[in-house]
Amino acid sequence: MKEIIQKDFEIYFGSEVLEKLAEILINKEYSKIFVLVDNNTKIHCWPILSPYLVNVQLIEIEAGESHKNLQNAEKIWTKLQHYKADKHAVIINLGGGVISDLGGFVAATYKRGIDFINIPTTLLGMVDASIGGKLGIDLHAFKNAVGVIKNPKYIFIDPIFLNTLSAAEKRNGLAEVCKHALIDDKSLFEKLQLTENKETLDTLLFHSIKIKVKIVKKDPFEKDLRKTLNFGHTIGHAIETYSLKNDSNPLKHGEAIAIGMICEAYISVAIQGLANNELKKISQYFIDRFPKYKGKLPAQELIEYMRNDKKNEEGFINFTLLKKIGKAKINCHCHDELIAKSLDYYQHL
Ligand code: GLY
């Protein structure tokens, strides 16, 4: 088992982490233990976790981003109240980003804050959503419009849960693993290019997690360094929103971000001097692993979405770009024409 111990949270990674969880729960003597699941993790992941827990109350919501809302937050607060949860209760979030964002938000606000623990069950959750304390719910169409930043007490990452995922779901998380490499660590990108086998994949996951922890530790409130995590997300989020509106089978977050990273690497060549051969390597990495988007990517409409992005400041569309693989530059701007050209570049790959 590997561990990362910080002042306000601890991460345990490996195949014995659920034993560690059981040991910690016995020592902490929580007054009540709640486990938040969705209808998928209840079937596929709860049977793996339940042998390690006693006397827990399960709370279930429907799976999917559309359920990360105020109605479900209220439903969970009401259940906590119904079961007389006091300040010494704990919520264990068993699931992907929706579960950890929502369950964490509910825990951080119930009785002004009770402990919560994340057990991410998706690759995206393991390397990104469960770490860094961004919690919240969507408000109407606005993603993460209401929320707080508070770290879980513990994060237990057991790669066994990856066996419950489809190839598409694994790909979804792989985009963020690769993003961590592109913004911070060229050696990780080189290993990712070569590796597919499971043992090495676990090591690469841990490497990626360490990058995320390093960044959020230095800049928890996204004043500067944490913005590097937005690489690929300005164009990627716009594509994700567009696809959600227009496609019957919309792109997953990671698939949209992969396209965003190709386009933003293209812009990085013009604005930050990223070398052309590095752009080629980045493009090839994603083209080889992610399905090519078949629909049109209309520049003007996408740019309109980008103008509404909450990352923008002083009226400019805000980008994080690459100077080279492993080195990011925050708060960059560019002309609309270059954004349109980058979309064109992707579509002609
Ligand atoms: N997912 C980006 C961040 O945690 O800042």
Side-chain angles (χ1 to χ4, degrees), residues 4 6 8-9 11 13 65 68 93 95-105 107-108 116 118 120-138 142-152 154-155 157 169 171-185 188 205-241 251-261 264 306 309-313 317-322 328-332:
I4 302 174
Q6 299 291 314
D8 45 355
F9 66 95
I11 300 180
F13 179 96
E65 179 74 30
K68 202 175 90 175
N93 297 314
V98 171
I99 288 285
S100 59
D101 282 12
L102 174 63
F105 176 67
F116 64 101
N118 288 340
T121 58
T122 63
L123 184 51
L124 188 66
M126 291 177 188
V127 298
D128 189 19
S130 72
I131 303 165
K134 281 189 179 173
L135 314 171
I137 52 174
D138 303 336
F142 297 100
K143 274 186 79 164
N144 304 321
V146 178
V148 292
I149 294 188
K150 184 184 174 191
N151 279 304
Y154 304 98
I155 305 167
I157 301 173
E169 190 48 62
R171 215 166 38 218
N172 198 25
L174 191 65
E176 299 286 357
V177 174
C178 187
K179 180 195 76 183
H180 291 162
L182 293 174
I183 61 170
D184 191 74
D185 194 329
L188 177 58
L205 279 193
F206 191 65
H207 192 149
S208 171
I209 289 164
K210 282 200 292 193
I211 293 174
K212 171 104 198 221
V213 171
K214 180 180 83 178
I215 291 172
V216 299
K217 184 181 160 193
K218 283 196 188 145
D219 177 27
F221 297 106
E222 201 166 319
K223 291 195 167 33
D224 40 57
L225 185 66
R226 191 165 181 167
K227 289 187 186 175
T228 58
L229 293 168
N230 295 332
F231 173 60
H233 282 59
T234 300
I235 295 183
H237 267 156
I239 293 175
E240 188 180 4
T241 309
L251 289 172
K252 287 183 173 296
H253 176 74
E255 291 166 341
I257 294 318
I259 303 173
M261 285 191 271
E264 293 182 20
M306 291 175 220
D309 194 315
K310 64 175 175 305
K311 298 189 286 294
N312 296 343
E313 284 166 28
I317 299 174
N318 194 293
F319 287 92
T320 291
L321 298 176
L322 297 180
K329 174 89 173 71
I330 62 170
N331 297 333
C332 304

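Order of listing sets the numbers, starting from 1, for every ligand and every atom in it.
Residue pairs meeting the salt bridge (charged side-chain N to carboxylate O under 4.0 Å, His left out) criterion with at least one partner in residues 215-225, sequence neighbours excluded, are K134-E222.
In this view, F9 satisfies the ring-ring contact (aromatic ring centres under 6.0 Å, His included) rule with no residue, not counting sequence neighbours. Judged as a side chain to side chain donor-acceptor pair (under 3.5 Å), and not counting sequence neighbours, the contacts of N331 are K227, N318.
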Inset, instruction - Applying side chain to side chain donor-acceptor pair (under 3.5 Å), run through D185 and H207 and close with a yes or a no. - result: CA-CA 10 Å; D185 194 329; H207 192 149; 2.8 Å; yes
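The backbone N or O of T234 sits less than 3.5 Å from a side-chain atom of E264, completing a donor-acceptor pair.
With rounding to the nearest 0.5 angstrom, the CZ atom of F13 is 9.0 Å from the CD1 atom of I4.
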Ligand 1: which protein N/O atoms lie under 3.5 Å from its N/O atoms?
| from | atom 1 | to | atom 2 | distance (Å) |
| --- | --- | --- | --- | --- |
| ligand 1 | 1 (N) | D128 | OD1 | 3.0 |
| ligand 1 | 1 (N) | D128 | OD2 | 3.3 |
| ligand 1 | 4 (O) | K212 | NZ | 2.6 |
| ligand 1 | 4 (O) | R226 | NH2 | 2.8 |
| ligand 1 | 5 (O) | K134 | NZ | 2.9 |
| ligand 1 | 5 (O) | R226 | NE | 2.8 |
| ligand 1 | 5 (O) | R226 | NH2 | 3.4 |

